[in-house]
There are 2 protein chains.
Amino acid sequence: MSGESEYLAAYDPREFPPVAVTVDVVALTILGGVLHVLLVERGEPPFAGRWALPGGFIRPGEDLDRAAARELAEETGMADRVHIEQLASYGAPDRDPRMRIVSVSYLAFAPDLPDPQAGSDAADAAWYGVDHLPELAFDHARILDHALDRARAKLEYTPLATAFVGETFTISELRGVYEAVWGVPLHAGNFHRKVLSVPGFVESTGETTESGGPRGGPRARLYRAGDARLLHPALLRPEREEEVR
Amino acid sequence: MSGESEYLAAYDPREFPPVAVTVDVVALTILGGVLHVLLVERGEPPFAGRWALPGGFIRPGEDLDRAAARELAEETGMADRVHIEQLASYGAPDRDPRMRIVSVSYLAFAPDLPDPQAGSDAADAAWYGVDHLPELAFDHARILDHALDRARAKLEYTPLATAFVGETFTISELRGVYEAVWGVPLHAGNFHRKVLSVPGFVESTGETTESGGPRGGPRARLYRAGDARLLHPALLRPEREEEVR
DNA sequence: CTAATAGTGTCTGTAAGACAATATTTT
DNA sequence: AAAATATTGTCTTACAGACACTATTAG
């Protein structure tokens, strides 16, 4: 913090160029096998009527993480079973036309959820499939892009996929998460063996589903999340030549 | 940004609880085969005389990335050949005793460098070996921990190690970077073959060093960084059982 | 019955790591 | 000559992906 001391010694908050800090949350869930993101419709200018990521100003005395969780809860009512983690921060001087705003973005994952409630201050709130997004306000399209990249990468080396499913789940359900987030079909047999071979990824409950799948097939065994924080070896995505150079 | 609109509609900057945004830079280099981090000695309270990460307030109209690059240049004079990227943000309400400060941390990598210059506002500046750190001001120890975790992870799947060496380099020099950052010895033969087998990691210059090593050995071939942005397959660290659970 | 799905077996190619061997250079 | 280092070779084991197969369940 070079410069901070002298700066602050003679510092008067009233003179300081005003900067505001917000949190923006990229909340993801899976609906009908498709990855969805929570968006809110802005009720006021700028960008009135435009869809945006849920978020808002941090409050005095409130930590960044708590602010993100609060903003998310205001739109969805979801508090439990939600994984939330910080992503990048955005501070381009002109990213908000009103004033200097630095936004800290967060990524949240939740299992299948009921409809979101529009927060007290948003005109509406809805889950959008990530392949059918409306035009977004501010630089939120870029924030969302970064968030999706991160989510896809984290599925590879963390057990994050289990945050998208219920307390207990089948290997097929887990595969559905990977397919939805990565957007590619995976080989059922190989995926099955792979998941069970990673220590601590899932552990058996000893139970099975009550019945087979809707279109036939045997009952599936049920698992719960294991105690691993990192997957080793990782579940790597199929070849991505394009991204290498 | 739910809540933002109404909030700002009736918003007067003079009434807003003051928040300041700083950038803090974790600048890493390798000196004598050991990973070092750039620290500055604070000249003013709080934490006067304590060492801290270089950093400071963002200026009006200045992007976060530019602010980080500027702060780094003020302490080191280094502008070229420096890789810089954003890490996490820290906003605990009490992390600075003076006022609410949200800090955006940055990670910077540079090749072997001359001594740093104390910036205009710091009492002193120096490179510290990461295993012999002084007690740090604020929450900078935590920020540094996170930065080192990130740097170690990025060596695995990006060609970042090449940012620590010169324009051209030998495979041994590159191995020295990995050993310094990861803190473990690597097998010379296997490392050599591995690096050359990853497409786009390094490319041959056709040249060799002028002479052998200081303690003997043949001349080594010289390489330069290739065009890969991601290493595939990655160079994984040796087993890290501890970190898995 | 037929189709779909869960789960297992097998084979192949790639890659990581242990270890050895050879060539080249400094002291 | 002796020691250090660059580079290459070989072998073993692990693992990813392709593919085949069996068993179980819905319709």
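Computed from heavy atoms alone, side chains included, the values below leave out hydrogens, waters and symmetry copies. Each chain gets a letter, A, B and so on, in the order its sequence line appears, and its residues count up from 1.
Residues in residues 209-225 of chain A take part in these salt bridge (Lys or Arg N to Asp or Glu O under 4.0 Å) pairs, two or more places apart or across chains: A:Glu203-A:Arg224.
With sequence neighbours left out, the side-chain contact (heavy atoms from CB on, under 4.5 Å) criterion links B:Thr170 to B:Ser172, B:Glu173, B:Thr209, B:Ala220, B:Leu222. With sequence neighbours left out, the ring-ring contact (aromatic ring centres under 6.0 Å, His included) criterion links B:Tyr128 to B:Trp51. B:Arg50 is linked by a side-chain hydrogen bond (donor to acceptor under 3.5 Å, both in side chains) to nothing, counting only residues two or more places apart in sequence or in another chain. Remark: A:Ala27 engages A:Val25, A:Leu38, A:Leu72, A:Met78, A:Ala108, A:Trp127 in a side-chain contact (heavy atoms from CB on, under 4.5 Å) (not counting sequence neighbours). When the side-chain contact (heavy atoms from CB on, under 4.5 Å) test is applied to B:Val198, the partners found at least two apart in sequence or on another chain are B:Lys194, B:Phe201, B:Leu231, B:Leu235. Residues satisfying the ring-ring contact (aromatic ring centres under 6.0 Å, His included) test with A:Tyr106, not counting sequence neighbours, are none. Annotation: ring-ring contact (aromatic ring centres under 6.0 Å, His included) contacts of A:Tyr178 (sequence neighbours excluded): A:Trp182, A:Phe191. Applying the ring-ring contact (aromatic ring centres under 6.0 Å, His included) test to A:His187 and every residue at least two apart in sequence or in another chain returns nothing.
The outermost nucleotides of DNA chain D lying under 4.0 Å from heavy atoms of chain A, listed 5' to 3', are D:dC15 to D:dG27.
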Its contact letters, B for base, S for sugar-phosphate only and - for none at protein heavy atoms under 4.0 Å, make nucleotides 21-27 of chain C read ---BBSS
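With the nearest nucleotide of DNA chain C identified for both A:Arg175 and B:Leu236, A:Arg175 has the one nearer the 5' end.
One side chain, B:Ser89 or A:Ser89, offers a donor N or O that lies under 3.5 Å from an acceptor on the other.
Residue-level contact check: B:Ser172 touches the backbone only, with heavy atoms under 4.0 Å from sugar-phosphate atoms and none from bases.
Shown for residues 183-193 of chain B: residues whose heavy atoms fall under 4.0 angstrom of DNA chain D, namely B:Gly189, B:His192, B:Arg193.
When the P atom of C:dA15 is taken as reference, atom OH of B:Tyr157 falls 20 Å away, rounded to whole Å.
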